[in-house]
Amino acid sequence: MKTPLIYKFLNDDELLRISNRIKDEERKTAGEICVSIKESRSFRQRKKSVKKLAEEEFFKLGIDKTRDKTGILIFFLLEARQFQILADSGIDTKVPEKTWDEIKDEMQSQFNEGKFSEGIIHGISRVGKILSEFFPVKPDDTNELSNKVVLE
């Protein structure tokens with residue numbers, strides 16, 4: 001049986017650490033952070049860009065349904081060695097797009113050193129810090145989306 005591609009990048013302990021970091025960061029913000037890792041494009045998706053796939057995943061996971069439109073997706077396409085950070089409209093009105101590009105560059109730098117889990121955790125921490133500045137946790141805040149890493 002073929003080993004899933006994900007295990008060339010992350011083991012189960014690292015996936016758990018990533019989920020725990022999401023949970024820790026969300027304690028400080030009304031925002032919702034999702035990480036989705038897709039191994040490869042399906043035949044039907046073969047011509048779609050990583051950005052387009054991230055947009056589809058964003059809606060599929062219901063990130064657009066958060067109360068204040070404060071969801072953010074960090075999406076990975078392993079076969080292409082590409083990823084995308086996609087923020088909902090509530091975040092986009094306050095945080096410039098270049099912020100996500102800077103975080104992507106920082107993450108990519110870690111990935112280039114073979115530090116995949118560290119890069120993802122760094123990205124989550126940076127996103128969490130920004131979200132907590134603009135969208136502090138509310139007294140009636142609930143965890144609207146799962147903190148588990150979505151694997152496809």
- Item | Test log, rule salt bridge (Lys or Arg N to Asp or Glu O under 4.0 Å), inputs Arg41 and Glu79 | CA-CA 8 Å; Arg41 292 175 177 95; Glu79 71 168 2; 3.5 Å; yes

What is the minimum heavy-atom distance between [X] and [Y], and which atoms define it?
X      : Y      : answer
Lys94  : Pro96  : O-CD, 3.9 Å
Thr66  : Glu144 : CA-OE1, 3.3 Å
Phe43  : Arg46  : O-NH1, 2.8 Å
Gly123 : Met107 : CA-SD, 3.6 Å
Lys148 : Ser19  : CA-OG, 3.4 Å

Is the closest side-chain heavy-atom distance between [X] and [Y] below 4.5 Å?
X     : Y      : result
Gln45 : Glu56  : yes
Thr70 : Phe134 : no
Asp64 : Asp88  : yes
Leu61 : Phe75  : no

Would a single hydrophobic cluster contain both [Y] and [X], if residues Ile, Leu, Val, Met, Phe, Trp and Tyr are joined by side-chain heavy-atom contacts under 4.5 Å?
X     : Y      : answer
Ile37 : Ile121 : yes
Ile22 : Ile103 : yes
Leu10 : Leu73  : no

Are the side chain of [X] and the backbone of [Y] linked by a donor-acceptor contact shorter than 3.5 Å?
X      : Y      : result
Gln84  : Ala54  : no
Thr29  : Leu131 : yes
Asn11  : Asp13  : yes
Ser109 : Asp105 : no
Gln82  : Val50  : no

- Message: Assess the residue pair Lys98 and Asp101 against the criterion (salt bridge (Lys or Arg N to Asp or Glu O under 4.0 Å)); give the C-alpha distance rounded to whole Å, side-chain angles, the decisive distance to 0.1 Å, and a yes or no.
- Response: CA-CA 5 Å; Lys98 70 178 179 71; Asp101 293 335; over 6 Å; no

- Message: For Ser36 and Glu57, which I'm curious about, is there any donor-acceptor pair between the side chains at under 3.5 Å?
- Response: yes

State the [atom1]-[atom2] distance between [X] and [Y], to the nearest 0.5 angstrom.
X      : Y     : atom1 : atom2 : value
Leu86  : Glu97 : CG    : CD    : 8.0 Å
Glu26  : Asp24 : CD    : CG    : 10.0 Å
Leu5   : Leu78 : CG    : CG    : 5.0 Å
Leu53  : Lys51 : CG    : NZ    : 12.5 Å
Ile120 : Arg21 : CD1   : CZ    : 12.5 Å
Ile33  : Ile18 : CD1   : CD1   : 12.5 Å

- Item | Result of checking Glu25, Glu106, Glu102 against Arg126 for side chain to side chain donor-acceptor pair (under 3.5 Å) | Glu106

- Aromatic plane relationship, Phe76 with Phe83 - under 30° parallel, 30 to 60° tilted, over 60° perpendicular: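 Plane angle under 30°, so parallel.
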
- Task: Output yes when Lys60 and Glu152 qualify as a salt bridge under the 4.0 Å nitrogen-oxygen rule, no when they do not.
- Result: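 So Lys60 pairs with Glu152 through a salt bridge.
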
